[in-house]
Amino acid sequence: MPVVSIRFSDGRLHERLKKIAGRQKVSISTLAQRLIDEGLRMDAHPLIHFREQSTGRYPALVGGPLLVWVIDVIVNGEMTREQGRAWAAEVMNLSLTQVDAALAYYAEYTDEIDEDIADRQRVAAELETEWRQHQELLAT
(Lines give C-alpha, C1' and ligand atoms only; values in the text may rest on other atoms or scores of the structure.)
Protein backbone atom coordinates (compact mmCIF):
# COMPACT_ATOMS: atom_id res chain seq x y z
CA MET A 1 0.00 0.00 0.00
CA PRO A 2 1.48 3.38 -0.98
CA VAL A 3 2.07 5.77 1.91
CA VAL A 4 1.91 9.57 1.70
CA SER A 5 2.82 11.91 4.51
CA ILE A 6 0.98 15.22 4.57
CA ARG A 7 2.06 18.34 6.41
CA PHE A 8 -0.66 20.89 7.07
CA SER A 9 0.44 24.51 6.91
CA ASP A 10 -2.81 25.43 8.68
CA GLY A 11 -3.36 23.69 12.01
CA ARG A 12 -7.08 24.44 11.80
CA LEU A 13 -7.40 22.19 8.74
CA HIS A 14 -5.85 19.31 10.66
CA GLU A 15 -8.17 19.96 13.60
CA ARG A 16 -11.23 19.98 11.33
CA LEU A 17 -10.09 16.73 9.75
CA LYS A 18 -9.66 15.13 13.20
CA LYS A 19 -13.05 16.45 14.36
CA ILE A 20 -14.93 15.13 11.33
CA ALA A 21 -13.08 11.80 11.43
CA GLY A 22 -14.08 11.44 15.08
CA ARG A 23 -17.69 12.35 14.33
CA GLN A 24 -17.83 9.77 11.53
CA LYS A 25 -15.94 7.20 13.63
CA VAL A 26 -13.24 6.67 11.00
CA SER A 27 -9.50 7.21 11.05
CA ILE A 28 -8.02 10.46 9.81
CA SER A 29 -6.32 8.49 7.01
CA THR A 30 -9.61 6.92 5.91
CA LEU A 31 -11.36 10.28 5.82
CA ALA A 32 -8.44 11.98 4.05
CA GLN A 33 -8.33 9.21 1.44
CA ARG A 34 -12.08 9.53 0.76
CA LEU A 35 -11.89 13.32 0.51
CA ILE A 36 -8.87 13.20 -1.80
CA ASP A 37 -10.52 10.58 -4.02
CA GLU A 38 -13.77 12.53 -4.23
CA GLY A 39 -11.89 15.79 -4.79
CA LEU A 40 -9.90 14.31 -7.68
CA ARG A 41 -13.08 12.90 -9.21
CA MET A 42 -14.89 16.24 -8.89
CA ASP A 43 -11.87 18.04 -10.35
CA ALA A 44 -11.99 15.75 -13.40
CA HIS A 45 -15.81 15.91 -13.59
CA PRO A 46 -16.90 19.42 -12.49
CA LEU A 47 -20.64 18.74 -12.76
CA ILE A 48 -20.38 15.84 -10.32
CA HIS A 49 -20.37 16.02 -6.52
CA PHE A 50 -20.92 13.45 -3.79
CA ARG A 51 -24.08 13.11 -1.78
CA GLU A 52 -24.52 11.31 1.52
CA GLN A 53 -27.26 8.68 1.52
CA SER A 54 -28.29 6.25 4.25
CA THR A 55 -26.26 3.52 2.51
CA GLY A 56 -23.13 5.57 1.78
CA ARG A 57 -21.83 8.37 -0.40
CA TYR A 58 -22.71 8.41 -4.07
CA PRO A 59 -21.86 10.59 -7.07
CA ALA A 60 -24.63 12.90 -8.20
CA LEU A 61 -25.09 15.68 -10.70
CA VAL A 62 -24.72 19.11 -9.14
CA GLY A 63 -28.31 20.27 -8.68
CA GLY A 64 -29.59 16.95 -9.99
CA PRO A 65 -30.16 13.32 -9.16
CA LEU A 66 -27.75 10.56 -8.25
CA LEU A 67 -25.77 9.36 -11.26
CA VAL A 68 -27.01 5.81 -10.78
CA TRP A 69 -30.57 6.96 -11.64
CA VAL A 70 -29.51 8.81 -14.79
CA ILE A 71 -27.26 6.01 -16.04
CA ASP A 72 -29.81 3.29 -15.27
CA VAL A 73 -32.38 5.06 -17.45
CA ILE A 74 -29.93 5.40 -20.34
CA VAL A 75 -28.12 2.06 -20.17
CA ASN A 76 -30.86 -0.33 -19.07
CA GLY A 77 -33.82 1.16 -20.88
CA GLU A 78 -35.29 -0.26 -24.06
CA MET A 79 -34.10 2.67 -26.16
CA THR A 80 -30.99 3.44 -28.10
CA ARG A 81 -28.31 5.26 -26.13
CA GLU A 82 -29.19 8.52 -27.90
CA GLN A 83 -32.92 8.11 -27.20
CA GLY A 84 -32.15 7.28 -23.56
CA ARG A 85 -29.94 10.34 -23.32
CA ALA A 86 -32.72 12.63 -24.62
CA TRP A 87 -35.38 10.90 -22.51
CA ALA A 88 -33.29 11.17 -19.31
CA ALA A 89 -32.79 14.88 -19.96
CA GLU A 90 -36.52 15.43 -20.49
CA VAL A 91 -37.89 13.27 -17.67
CA MET A 92 -35.31 14.32 -15.09
CA ASN A 93 -35.40 17.98 -16.13
CA LEU A 94 -31.69 17.97 -16.99
CA SER A 95 -29.74 19.64 -19.74
CA LEU A 96 -27.99 17.43 -22.26
CA THR A 97 -24.75 18.85 -20.83
CA GLN A 98 -25.66 17.36 -17.45
CA VAL A 99 -26.57 14.02 -19.01
CA ASP A 100 -23.30 14.02 -20.94
CA ALA A 101 -21.43 14.78 -17.70
CA ALA A 102 -23.09 11.73 -16.12
CA LEU A 103 -22.09 9.61 -19.12
CA ALA A 104 -18.50 10.88 -18.97
CA TYR A 105 -18.27 9.92 -15.29
CA TYR A 106 -19.86 6.55 -16.08
CA ALA A 107 -17.27 5.94 -18.81
CA GLU A 108 -14.51 6.31 -16.22
CA TYR A 109 -16.24 4.46 -13.35
CA THR A 110 -18.42 1.95 -15.20
CA ASP A 111 -17.94 -0.99 -12.83
CA GLU A 112 -18.73 1.14 -9.78
CA ILE A 113 -21.95 2.57 -11.24
CA ASP A 114 -23.03 -0.81 -12.63
CA GLU A 115 -22.57 -2.31 -9.15
CA ASP A 116 -24.71 0.48 -7.64
CA ILE A 117 -27.41 -0.16 -10.25
CA ALA A 118 -27.38 -3.91 -9.52
CA ASP A 119 -27.57 -3.27 -5.76
CA ARG A 120 -30.53 -0.94 -6.17
CA GLN A 121 -32.32 -3.37 -8.47
CA ARG A 122 -31.76 -6.20 -5.96
CA VAL A 123 -33.14 -4.11 -3.07
CA ALA A 124 -36.13 -3.02 -5.19
CA ALA A 125 -36.91 -6.66 -6.04
CA GLU A 126 -36.69 -7.64 -2.35
CA LEU A 127 -38.99 -4.79 -1.34
CA GLU A 128 -41.47 -5.69 -4.06
CA THR A 129 -41.51 -9.31 -2.87
CA GLU A 130 -42.18 -8.16 0.71
CA TRP A 131 -44.93 -5.83 -0.48
CA ARG A 132 -46.61 -8.62 -2.47
CA GLN A 133 -46.46 -10.92 0.56
CA HIS A 134 -48.11 -8.21 2.69
CA GLN A 135 -50.78 -7.69 0.05
CA GLU A 136 -51.53 -11.42 0.04
CA LEU A 137 -51.83 -11.44 3.82
CA LEU A 138 -54.19 -8.46 3.75
CA ALA A 139 -56.33 -10.10 1.08
CA THR A 140 -56.98 -13.19 3.19
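Residues take their numbers from the sequence shown, with the count starting at 1.
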Problem - Donor-acceptor side-chain pairing of H45 and E108 below 3.5 angstrom - result: yes
Practice task
May I have the step-by-step check of side-chain contact (heavy atoms from CB on, under 4.5 Å) for Y58 and D116, ending in yes or no?
Solution key: CA-CA 9 Å; Y58 297 94; D116 287 346; 3.5 Å; yes
Practice task
Without swapping roles, check the side chain of Q98 against the backbone of S95 for a donor-acceptor pair under 3.5 Å.
Solution key: yes
Problem - Donor-acceptor pair, side chain of Q83 and main chain of T80, under 3.5 angstrom - result: yes
Exercise for the section: Taking side chain to side chain contact (heavy atoms under 4.5 Å, CB included) as the test, write out the residues that go with R7, two or more places apart. Expected result: none
Problem - N-O pairing of E15 and K18 below 4.0 Å - result: yes
Practice task
For the residue pair F8 and H14, categorise the inter-ring angle as parallel (less than 30°), tilted (30 to 60°) or perpendicular (more than 60°).
Solution key: tilted
Practice task
Just do the side-chain contact (heavy atoms from CB on, under 4.5 Å) check on V75 and R81 with the steps written out, would you?
Solution key: CA-CA 7 Å; V75 174; R81 185 71 49 107; 4.1 Å; yes
Exercise for the section: Tell me whether L96 is reachable from M79 by hopping between hydrophobic residues (I, L, V, M, F, W, Y) whose side-chain heavy atoms are closer than 4.5 Å. Expected result: no
Handout entry: Cluster link L40 to L47, ILVMFWY, side chain under 4.5 Å
Key = no
Problem - Whether T110 side chain and Y106 backbone form a donor-acceptor pair below 3.5 Å - result: yes
Practice task
State yes or no: do I20 and I36 share one hydrophobic cluster built from I, L, V, M, F, W and Y residues joined by side-chain heavy-atom distances below 4.5 Å, directly or via other members?
Solution key: yes
Problem - Shortest non-hydrogen contact from R51 toward L66 - result: NH1-N, 3.9 Å
Handout entry: Exercise: identify the closest heavy-atom pair between I48 and A101
Key = CD1-O, 4.2 Å
Exercise for the section: State, to 0.1 Å, how close W69 and R120 come at their nearest heavy-atom pair, and which atoms those are. Expected result: NE1-NH1, 3.8 Å
Practice task
Check the pair R34, E38 against salt bridge (charged side-chain N to carboxylate O under 4.0 Å, His left out), reporting the backbone distance first and the verdict last.
Solution key: CA-CA 6 Å; R34 190 199 85 211; E38 289 179 2; 3.4 Å; yes
Problem - ILVMFWY cluster, I28 and L13 together (side-chain gap under 4.5 Å) - result: yes
Practice task
Kindly give the heavy-atom pair with the smallest separation between V73 and G84, and that separation in Å.
Solution key: CG1-O, 4.4 Å
Practice task
With R41 as the cation and F50 as the aromatic partner, state whether NZ or CZ is under 6.0 Å from the six-membered ring centre and within 45° of the axis.
Solution key: no
Practice task
Check the hydrophobic clustering (I, L, V, M, F, W, Y; side-chain heavy atoms under 4.5 Å; chains of links allowed) and say if L137 and W131 are grouped together.
Solution key: no
Exercise for the section: Go through E115 and D111 one step at a time and tell me if the side-chain contact (heavy atoms from CB on, under 4.5 Å) criterion holds. Expected result: CA-CA 6 Å; E115 185 178 322; D111 292 343; over 6 Å; no
Exercise for the section: Decide salt bridge (charged side-chain N to carboxylate O under 4.0 Å, His left out) for R132 and E128; before the verdict, give the C-alpha distance in whole Å, the side-chain angles of both, and the deciding distance to 0.1 Å. Expected result: CA-CA 6 Å; R132 289 186 187 285; E128 182 178 2; 2.5 Å; yes
Fill in the blank from the handout: Partner of I71 under side chain to side chain contact (heavy atoms under 4.5 Å, CB included), picked from V99, I113, N76, is I113
Practice task
Taking the side chain as every heavy atom from C-beta outward, state whether D100 and T97 have any pair of such atoms under 4.5 Å apart.
Solution key: no
Problem - Atom CG of N93 with >12 non-hydrogen neighbours under 6.0 angstrom - result: no
Problem - NE2-CE distance between H49 and M42, expressed to the nearest 0.5 angstrom - result: 9.0 Å
Practice task
Kindly give the heavy-atom pair with the smallest separation between L61 and L67, and that separation in Å.
Solution key: N-CD1, 3.5 Å
Exercise for the section: Give the C-alpha distance, both sets of side-chain angles, the deciding distance and a yes or no for side-chain contact (heavy atoms from CB on, under 4.5 Å) between E126 and T129. Expected result: CA-CA 5 Å; E126 290 170 1; T129 298; 5.7 Å; no
Fill in the blank from the handout: To the nearest 0.5 Å, atom CG of L127 lies from atom CZ of R122 at 10.0 Å
Practice task
Answer yes or no: are there more than 12 heavy-atom neighbours, outside Q33 itself, under 6.0 Å from its atom CD?
Solution key: no
Completion exercise
For L94 and A88, the nearest pair of non-hydrogen atoms, with its separation, is CD1-O, 4.3 Å
